[in-house]
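Got a structure for you, questions after.
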Amino acid sequence: MRKMRTQSAPWRAAAVLASVLLVGGVAACGNSDTGDGGSKDDGKITMGFSQVGAESGWRTANTISIKEAATAAGIELKFDDAQQKQENQIKAIRNYIQQKVDVIAFSPVVESGWDTVLKEAKDAKIPVILTDRSVDSADKTLYKTFLGSDFVKEGRLAGEWLVEQKKTASGPVNIVELQGSTGAAPANDRKKGFAEAIAANPNLKVIASQTGDFTRAGGKQVMEQFLKANPKIDVLFAHNDDMGLGAIEAITAAGKVPGKDITIITVDAVKDGMQALADGKFNFIAECSPLLGPQLMDLAKKVKAGEEVPARIETEETTFTSEQAKEALPNRKY
């Protein structure tokens, strides 16, 4: 028994030395941590992205753009579909914080109610990028930047076109409005911009305004209600193409001709909407591009590297008439 102890002594010494070296090695690896939520600085960026949902053709194109751009940029993407619920997005963001991702990006379902979870991300030293939709937080340090469209401008462009078209109208022009999801930034802002623009002509009056939740089914249902309640409708302003496309079904079922009996103005310019415009069923579209993926990945790399980025980055967009839609359709990417 005594002999066995003597032989094990050198082995024990070697084991202790190996343990010390191992602990030292682990500590050395720990020193390379960036401090941004605990992720290891191995050059690989992990992004947690929470999407609003899949409520429209625009949103589908936006999701595809983000996924493809992440792959092209070599960024690991953790993707979550919130299914139009703010509580799902908050849960996803908290999961991303626990997973210690490098960057969090999301398109907020609504504008309000984000301060608490954004503060948690800030405390974890994980930068946040807002895409497509903004938040109404007074503390602008809770996120690094906003990437997306000027929704007020989109509504204003729609209204300005209508003012020009109806400048010779001698009597009331009755307008109905299909709003986006209640509380969402594009719904609030497009409504505001449109109202500001049509105020230039007192003959232009919004006689009914209701949410269609940015969906085709919602647009059809609400337009049916509008048509039953209002015998004379001259103009429809829909906050996105999908609601406008749903409204076309209701207008046709009511025995009216979309684009002629009722002037239709929408926002987005997705392929289905552009086809309706080319066919004369829509009359005007203000563009809102969903192809934000490449810009988002570029921003993710910059904020991860600690670079300064603008507080707001707007996408370049245009407007379309029927003839312009016919020209653009063959090369349309979404």
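Index from 1, following the sequence.
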Check the pair Asp234 / Lys205 against side-chain contact (heavy atoms from CB on, under 4.5 Å), numbers first and verdict last.
CA-CA 10 Å; Asp234 301 302; Lys205 296 186 181 298; over 6 Å; no

- Query: Are Asp272 and Arg216 within salt-bridge range, i.e. N to O under 4.0 Å?
  - Reply: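 Yes, charged N to carboxylate O under 4.0 Å.
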
Answer whether the closest heavy-atom distance between the side chains of Ser50 and Pro108 falls below 4.5 Å.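 Not touching, per the 4.5 Å side-chain cut-off.
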
OG1 (Thr321) and CZ (Phe284) are apart, to the nearest 0.5 Å, by 8.0 Å

Are the side chains of Leu299 and Lys144 in contact, using a 4.5 Å heavy-atom criterion?
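Side-chain contact under 4.5 Å: no.
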
Query raised in the report: When you check the side-chain N and O atoms of Ser149 and Glu317, is any donor under 3.5 Å from an acceptor?
Result: yes

### Test item: Ile97 and Ile104 side chains (from C-beta on) under 4.5 Å apart, heavy atoms
yes

### Task
Output, in order, the C-alpha distance, side-chain angles, deciding distance and verdict of side-chain contact (heavy atoms from CB on, under 4.5 Å) for Ile251 and Ile264.
CA-CA 11 Å; Ile251 292 167; Ile264 300 178; 3.8 Å; yes

Original post:
Side-chain contact, heavy-atom cut-off 4.5 Å: Ile126 with Tyr96?
Top reply: no

**Study point:** Pairwise side-chain contact, Thr211 with Val222, heavy-atom cut-off 4.5 Å (strictly under)
**Key:** no

Phe106 side chain reached by Val128 side chain, heavy atoms, under 4.5 Å: yes

For residues Ile75 and Leu296, determine if any side-chain heavy atom of one lies less than 4.5 Å from a side-chain heavy atom of the other. no

If we count only N and O atoms by modelled type, under 3.5 Å, do the side chains of Ser209 and Gln179 hold a donor and an acceptor together?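 The answer is yes; a qualifying pair exists.
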
Exercise for review: Carefully, step by step, assess Phe226 and Ile207 under the rule side-chain contact (heavy atoms from CB on, under 4.5 Å).
Suggested key: CA-CA 9 Å; Phe226 285 163; Ile207 60 171; over 6 Å; no

- Basic-acidic side-chain contact under 4.0 Å: Arg156, Asp150: no

Where the side chain of Asn201 meets the backbone of Asn203, is there a donor-acceptor pair that is under 3.5 Å apart?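 Yes: the side chain of Asn201 pairs with the backbone of Asn203.
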
Check: Got a second to check how far Asp279's CG is from Ser322's OG, nearest 0.5 Å?
Finding: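 One gets 8.0 Å once the value is rounded to the nearest 0.5 Å.
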
Tell me which one of Asp132, Asn240, Asp242 satisfies side-chain hydrogen bond (donor to acceptor under 3.5 Å, both in side chains) with Arg59.
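With Arg59 as partner, Asp132, Asn240, Asp242 yield a single side-chain hydrogen bond (donor to acceptor under 3.5 Å, both in side chains), made by Asp132.
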
Practice problem: Before accepting this row, confirm whether a basic side-chain N of the pair Asp80/Lys78 lies closer than 4.0 Å to the acidic partner's carboxylate O. | Solution: no

Requested in this report: Report the C-alpha distance between Leu329 and Gln275 in whole Å, list the side-chain angles of each, state the deciding distance to 0.1 Å, and finish with yes or no for side-chain contact (heavy atoms from CB on, under 4.5 Å).
Outcome: CA-CA 7 Å; Leu329 262 173; Gln275 188 63 59; 3.5 Å; yes

Is Glu76 salt-bridged to Lys44, going by a charged N under 4.0 Å from an acidic O?
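Salt bridge: no.
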
Ring-plane angle category for His239 and Phe214, please: parallel below 30°, perpendicular beyond 60°, tilted otherwise.
tilted

- Do Phe237 and Val267 touch side chain to side chain, with heavy atoms closer than 4.5 Å? yes

